[in-house]
Amino acid sequence: MTATKDTRPNILLIVVDDMGFSDLGAFGSEIDTPHLDAIAAEGVRLTDFHSAPACSPTRAMLLSGVDHHIAGIGSMIETVRPDFAGAPGYEGYLNDRVAALPELLRDAGYRTILSGKWHLGHTLDRSPHARGFERSFALLPGGADHFGGGPLDRIAARGPIYAEDGEWVTDLPTPFYSTDYFATRLIEFFEEADAAGDDRPFFAYLPFSAPHWPLQAPAADIQKYRGQYDDGPDALRQHRLERLKQLGLVAADTTIAPVVAEGEAEWGEQTPEQRAHSARTMEVYAAMVDRIDQNVGRVVGHLKRSGQYENTLVIFLSDNGAEGAIVEAMPIMGPVFAKLIAEHCDNSLDNLGHPGSYAWYGPRWAQAATAPSRLVKTYTTEGGIRVPTIIRAPGGSRAGEISGVFGTVKDVTPTLLELAGAAHPGTSYRGRTIAEPTGRSFAGWLNGDADTIHPEGATTGWELFGRRAIRRDDWKAVYVPDGDGQSRWQLYDLSKDRGEVHDLAETHPDILAELLGLWRDYVRDNGVIEEAISFFDSDPAAFEAGWISDPRERETA
């Protein structure tokens, strides 16, 4: 008797790190991204899809279907206050209160593989191999030198930072560039399975660590963008906004958030040397995005040659808004970063982007990419949580569409389980009590059987570092402590004000009161510790002493 071929879709989940909303050609960018643009043309581009405000919280939600405060990343392990350590939901790794998506897909008969950044546990017993991936090559902490072994390659953790399956990797290949090698290793995992005749459908997770700082790229890719950004971030912002409007990705009359860049001078006020240095960082950033696209092309090319692409669901998204060096500039971290970079790195103009350099591009370039939305990564404003998203479905469902349907990364796990024909186990998995997903499957919407993902009146909350937001339909309340937010709740009608420019808290106090009641429900239901705001007042000496810089020690404490 001939076995029936498993026709369930393959899944390729691509996540990029700190990419802004308009950084792809299909989303209005001047950066060369033909491979991702082609996937966008075959699929649907989402303009109202949301992440958490930063990377590891997003990844926890993405692979569990629950809020990150439940899944173990209530605050990022690198920054969580010592007295929060071990609190339920603040463990700093993907905890045992959730069943991870790769575990469930593996149980359902999928081949599960990962190559890229993990950031959901820094120890081998919390690595991808321990959470359902059969084959994995992973960068465990949140970032590293992209060329490997650089002067600050150990800033996130002492000792090994890469793992393959259940073993530490201490020697990287030469030459090494993270984006290239992550794609190479994933292709090798595909080839191994092909050679073994393993015809199970696959779940392949490709989470690049680019374009997260340090901004580094191969020299030829940097040279390609030489001089492209000499007019500065304001000019780029205007160009991107015009393209977004032309493409129909934002409304022609959309409100546009003002740029907030404390401590960074206006372009016209900078010296020629400062402008040259700043423009070079953006050239390097563009090269990193370009290189991501090249490697997506390599992976897709392999799937096409092996005959697997046609039946592959591709989901592409960024893990948060563009990086404005907000975390790095905080009192707890900024002085330490500045000291280490001054002592160990060569950030001269000629070396920027090359091995030995360690730079980021700052809030003005970041807000060129998040516009028209407000602010950047780590904020609960739209600039921090609205991310470029592409979904390409087998069979061409919604091909070529641009959709403003609201969704979040929590929706990915229930969607993939439904498409795989796998039921979530509910409240118990392998003898332990777990949380059920609160995200909603968008399989029906993707297939054209529904107009929305979330029903009318559904509520979504966000919190990180004391920055808060609660949204019901198009009404959104935001609390940004200190600085731009003046430490008070603000209210926005996103149907008319995507830039979160017009605060309606005083004119619609009844709506704000309703949303704040929903906020209390969110805090209660997800175990949010609201006092996390005091993180900003923590002592920088603690960072340098090591309680932040080696999360591995805290995970095993």
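Values below: all heavy atoms of this structure, side chains included; hydrogens, waters and symmetry mates excluded.
- Not one N or O on the side chain of Asp17 forms a donor-acceptor pair closer than 3.5 Å with the backbone of His212.
- Although no hydrogens or angles enter the test, the distance criterion places no donor-acceptor pair under 3.5 Å between the side chain of Ser22 and the main chain of Gly28.
- With salt bridges taken as basic N to acidic carboxylate O contacts below 4.0 Å, none links Asp230 and Arg280.
- In the model, Tyr492 has no side-chain atom that pairs as donor or acceptor with a side-chain atom of Asp474 under 3.5 Å.
- A donor atom on one side chain and an acceptor atom on the other are not found under 3.5 Å apart for Asp145 and Tyr358.
- Side-chain atoms of Gln274 come within 3.5 Å of backbone N or O of Thr271 as a donor-acceptor pair.
- Inspection of the Tyr285 and Gln216 side chains reveals no N or O donor paired with an N or O acceptor under 3.5 Å.
- Side-chain N/O atoms of Glu283 and Tyr361 include no donor and acceptor closer than 3.5 Å.
- Counting only residues at least two apart or in different chains, ring-ring contact (aromatic ring centres under 6.0 Å, His included) contacts with residues 37-62 comprise His50-Phe406, His50-Trp462.
- For the residue pair Asn295/Thr179, the side-chain donor-acceptor check at 3.5 Å is not satisfied.
- Between Ile453 and Thr415 there is no side-chain heavy-atom pair separated by less than 4.5 Å.
- Between the side chains of Glu500 and Thr381, not a single donor N or O lies within less than 3.5 Å of an accepting N or O.
- Side-chain contact annotation: Ser348 with Asp350, donor-acceptor N/O pair under 3.5 Å absent.
- Remark: the backbone N or O of Leu504 is not paired with any side-chain donor or acceptor of Gln490 at under 3.5 angstrom.
- Annotation: side-chain hydrogen bond (donor to acceptor under 3.5 Å, both in side chains) contacts involving residues 447-459, sequence neighbours excluded, comprise Asp411-His454.
- For Asp180 and Arg185, the salt-bridge test fails: no basic side-chain N is under 4.0 Å from an acidic carboxylate O.
- Checking Gln294 against Asp221 by side-chain atom types alone, a donor-acceptor pair falls below 3.5 Å.
- Judged by distance alone, with hydrogens and angles left aside, the side-chain atoms of Thr370 form no donor-acceptor pair with the main-chain N or O of Gly383 at under 3.5 Å.
- Side-chain contact check for Arg392 and Thr312: no donor-acceptor pair (N or O, by modelled atom type) lies under 3.5 Å.
- Trp445 carries Arg398 over the face of its six-membered ring, with the cationic atom under 6.0 Å from the centre and within 45° of the normal.
- Side-chain contact, Arg386 with Ser373: a donor N or O sits under 3.5 Å from an acceptor N or O.
- Relative to the six-membered ring of Tyr379, Arg467 meets both conditions, a distance below 6.0 Å and an angle of at most 45° to the axis.
- Under the 6.0 Å cut-off for aromatic ring centres, Phe176 and Phe147 do not qualify, their centroids lying 6.0 Å or more apart.
- Distance check, rounded to the nearest 0.5 Å: CG of Asp37 to CZ of Arg45 gives 8.5 Å.
- Side-chain atoms of His68 come within 3.5 Å of backbone atoms of Glu463 as a donor-acceptor pair (strictly under, hydrogens ignored).
- Arg364 places no side-chain N or O within 3.5 Å of a backbone atom of Pro233 that could act as its donor or acceptor partner.
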